[in-house]
Protein chains: 2
Amino acid sequence: MTVVEELRAAVSSKKLVVLVARCTVTYEGRASSKLEEGDRVILIKEDGSVIVHRPVGYEPVNYQPPGSVVSVEGDDDGFRIIVTRTKRRERLLIEVHSVKHFFSAKLEDSARFTMWGDEEDLRRAILADPSKMLGENLKPVGAEVSLGSAGFADAVFVDSEGNLVVVEVKREKASVEAVYQLKRYVERIKRETGRKVRGILAAPGFTVSAIRALKAEGLEYRQVSMKDAREVLSRLTAFW
Amino acid sequence: MTVVEELRAAVSSKKLVVLVARCTVTYEGRASSKLEEGDRVILIKEDGSVIVHRPVGYEPVNYQPPGSVVSVEGDDDGFRIIVTRTKRRERLLIEVHSVKHFFSAKLEDSARFTMWGDEEDLRRAILADPSKMLGENLKPVGAEVSLGSAGFADAVFVDSEGNLVVVEVKREKASVEAVYQLKRYVERIKRETGRKVRGILAAPGFTVSAIRALKAEGLEYRQVSMKDAREVLSRLTAFW
DNA sequence: TCGTTTATGTCGGAG
DNA sequence: CTCCGACGTAAACGA
């Protein structure tokens with residue numbers, strides 16, 4: 001069986017394909033790109049994802065997402081892999097000049113992937129123990145509160161004076177962007193409830209301009225650490 | 001030579017490595033993750049990038065970016081690939097239980113990659129021919145204008161009445177986020193110059209809430225197309 | 001180095 | 001579907 005025949009068989013039987021080849025890559029879609037001839041690693045997955053990697057760099061130089069349609073034209077003297085997307089008018093064309101390596105196989109992977117220490121954990125910890133995380137006694141009244149066109153507020157509390165407190169959580173250093181996001185939520189809730197609303201940006205750090213903007217907008221901020229969050233959450237899960 | 005020896009040799013001689021293996025992957029760094037045993041494709045690049053793909057999905061399940069340090073411990077009965085980052089305290093651990101496939105080679109790829117039809121093209125077209133792109137005669141006074149803590153304005157013009165006009169460009173449908181970005185720039189320039197400042201959001205489309213926010217904030221918007229931008233730019237480059 | 005923005009972003013989730 | 005925000009975002013670019 002030729003490489004092209006093997007490739008076609010692998011694609012139609014939804015095997016994973018690893019192709020190392022000298023090729024030229026063209027993309028037409030939301031943008032356009034042209035990659036001249038060179039050696040690349042091409043990954044074709046069973047779900048129609050196609051990923052083209054150059055010998056350096058984290059990101060693929062070209063790709064198509066899952067659900068794409070892969071077709072192969074030509075023979076071992078030179079063939080083309082054409083990947084089109086069903087929804088958008090997008091086309092990835094890989095012109096293969098010579099194959100350095102070909103591998104295909106049905107891969108088995110039903111394992112669970114778990115991630116922790118992300119923004120969600122920080123948010124959960126703040127909701128679970130606002131006193132420890134924010135240094136203030138707050139009564140939680142909602143999480144991921146939908147604000148319609150304004151988005152979602154990470155957490156909403158009532159403080160000891162009865163004011164609403166909107167908290168926006170960032171897992172990394174918060175920039176000016178986050179300040180205006182918080183401001184949007186505060187304004188929206190103010191308008192909707194007619195009550196006094198405080199806004200708190202909670203993050204492990206803040207850019208100088210973020211702090212300047214916070215002050216200018218009359219918003220507050222609290223430094224929170226993932227370490228504290230872990231502690232709060234481990235106390236919680238200890239009961240389960 | 002055993003696979004582990006080959007792998008070590010390939011890594012130290014900065015070859016590209018493709019490893020298809022049954023493995024368990026653990027990550028500790030900004031967050032933490034655990035991926036239980038399954039078949040994966042592991043790409044190790046000459047620049048230290050390591051990318052772990054599951055049989056489905058566009059995105060790698062785990063990775064380390066270029067510049068990481070790759071080390072291999074163990075033998076063919078079971079080995080571990082440890083990838084650490086020099087700057088941050090981050091560690092990726094790939095415990096390889098069995099190797100399904102191994103390939104390594106020095107890849108040659110010095111080709112040029114060009115992309116067009118991105119946001120920069122749209123911006124350049126708007127600056128080159130605001131009349132055609134925005135339907136109004138504007139005199140460009142700056143591009144990528146630094147506004148200190150407020151960020152960067154894509155393009156600044158003066159209109160026929162002598163007002164400053166800040167234009168924020170989006171290559172795709174603009175959302176409420178873009179409106180507030182524009183607002184930030186307008187406010188800042190207003191404060192800095194004391195002049196009347198108009199703000200225009202230029203994009204191929206707008207979400208309903210973006211338009212609502214634009215009106216509420218007294219900002220303008222113009223629909224622009226990448227097609228027109230291409231035309232404008234091709235006219236420009238025709239002279240070169 | 002830090003800070004800001006873009007991305008063919010992708011992905012997930014709510015409405 | 002659309003819309004919105006997070007991402008271990010990464011990568012580029014300027015200060």
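Heavy-atom basis, side chains included; hydrogens, waters and symmetry copies ignored. All chains are named by letter (A, B, ...) in the order of the sequence lines, taking the proteins before the strands, and each is independently numbered beginning at 1.
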Review point. Can you list the stems that include DNA chain D, where a stem is three or more consecutive Watson-Crick or G-U pairs with distances under 3.5 Å?
Key: C:1-7 with D:9-15, C:9-15 with D:1-7

**Study point:** Contacts of type salt bridge (charged side-chain N to carboxylate O under 4.0 Å, His left out), residue B:Glu144, not counting sequence neighbours
**Key:** B:Arg123

Study note, to complete from the structure: Atom CD of A:Gln64 and atom C1' of C:dC11 are separated, to the nearest Å, by 16 Å

Point to revise | Salt bridge present between A:Glu187 and A:Arg191 (N-O < 4.0 angstrom) | key: no

Exercise for review: List in chain and number order the residues that pass ring pair (Phe, Tyr, Trp, His ring centres under 6.0 Å) with B:Phe157, two or more places apart in sequence or in another chain; answer none if no residue qualifies.
Suggested key: none

Check your understanding: Under a 4.0 Å N-O cut-off, is there an ion pair linking B:Glu168 with B:Lys170?
Key -> yes

Revision key, fill the gap. When rounded to the nearest 0.5 Å, the distance separating OH of B:Tyr27 from CG of B:Leu92 is 9.0 Å

Point to revise | Polar side-chain contact A:Asn62-C:dT8 base: donor and acceptor under 3.5 Å | key: yes

Point to revise | Residues touching DNA chain C, which here means a heavy atom under 4.0 Å, drawn from residues 21-58 of chain B | key: B:Tyr58

Revision key, fill the gap. Rounded to the nearest 0.5 angstrom, the CG-SG distance for B:Asp109 and A:Cys23 is 8.0 Å

Exercise for review: For A:Val176, enumerate each residue passing the side-chain contact (heavy atoms from CB on, under 4.5 Å) test, keeping only those at least two apart in sequence or located in another chain.
Suggested key: A:Tyr180, A:Ala213, B:Arg184

Check your understanding: Atom CG of A:Asp154 to atom P of C:dA14: distance rounded to whole Å?
Key -> 14 Å

Check your understanding: To the nearest Å, how far apart are B:Glu119 CD and C:dT4 P?
Key -> 17 Å

Check your understanding: Counting just side-chain N and O atoms, does A:Tyr63 come under 4.0 Å of either OP1 or OP2 of C:dG9?
Key -> no

Exercise for review: Would you indicate, yes or no, if D:dG5 has its OP1 or OP2 atom less than 4.0 angstrom from a side-chain nitrogen or oxygen of A:Tyr185?
Suggested key: yes

Review point. Where along residues 170-178 of chain A does a heavy atom fall under 4.0 Å from DNA chain D?
Key: A:Lys170, A:Arg171, A:Glu172

**Study point:** Spacing between A:Gln181 atom CD and D:dA6 atom C1', to the nearest angstrom
**Key:** 9 Å

Review point. Could you give the CZ-to-C1' distance, from B:Arg88 to D:dG8, as a whole number of Å?
Key: 8 Å

Review point. So, is A:Thr207 near the phosphate of C:dT4, with a side-chain N or O under 4.0 Å from OP1 or OP2?
Key: yes

Practice item. Would you list the pairs meeting salt bridge (Lys or Arg N to Asp or Glu O under 4.0 Å) in which at least one residue belongs to residues 57-67 of chain B, sequence neighbours left out? Key: none

Study note, to complete from the structure: Judged by nearest nucleotide, the residue sitting upstream toward the 5' end of DNA chain D, A:Met115 or B:Ser146, is A:Met115

**Study point:** Separation of atom OH in B:Tyr180 from atom C1' in D:dC3, rounded to whole Å
**Key:** 15 Å

Exercise for review: Indicate yes or no: does A:Arg222 engage A:Glu220 in a salt bridge with an N to O separation below 4.0 Å.
Suggested key: yes

Review point. Under 4.0 Å between a side-chain N/O of B:Arg184 and OP1 or OP2 of C:dT5, yes or no?
Key: yes

Exercise for review: For B:Lys34, check salt bridge (charged side-chain N to carboxylate O under 4.0 Å, His left out) against everything at least two apart and list the hits.
Suggested key: none

Practice item. Could you please spell out the steps behind the salt bridge (charged side-chain N to carboxylate O under 4.0 Å, His left out) verdict for B:Arg171 and B:Glu120? Key: CA-CA 9 Å; B:Arg171 68 176 311 286; B:Glu120 195 191 329; over 6 Å; no

Practice item. Would you mind listing every salt bridge (Lys or Arg N to Asp or Glu O under 4.0 Å) that reaches into residues 18-32 of chain A, with sequence neighbours excluded? Key: A:Arg22-A:Glu37, A:Arg22-A:Asp39, A:Arg30-A:Glu90

Study note, to complete from the structure: Residues of residues 211-219 of chain A with a heavy atom under 4.0 Å from any atom of DNA chain C, listed by number, are none

Point to revise | 5' priority, DNA chain C, between B:Glu168 and B:Lys87 [closest heavy atom] | key: B:Lys87

Practice item. Kindly write out the residues that satisfy ring pair (Phe, Tyr, Trp, His ring centres under 6.0 Å) with B:Tyr221, not counting sequence neighbours, or none if the list is empty. Key: B:Phe206

Review point. Atom CD of B:Glu59 and atom P of C:dC11: how far apart are they, to the nearest Å?
Key: 5 Å

Check your understanding: Looking for any heavy atom pair under 4.0 Å, which part of the strands does A:Val61 touch: base, sugar-phosphate only, or nothing?
Key -> base

**Study point:** Residue list, side-chain contact (heavy atoms from CB on, under 4.5 Å) with B:Lys227, at least two apart or on another chain
**Key:** B:Ser225, B:Arg230

Point to revise | Sidechain N-carboxylate O distance under 4.0 Å for B:Arg112, A:Glu36 | key: no

Exercise for review: Take the protein atom CD of B:Glu120 and the nucleotide atom C1' of D:dG14, then report the distance between them rounded to whole Å.
Suggested key: 14 Å

Point to revise | Distance between C1' atoms of C:dT6 and C:dT10 (Å, rounded) | key: 14 Å

**Study point:** Nearest-Å distance once atom P is located in both C:dT4 and C:dT8
**Key:** 23 Å

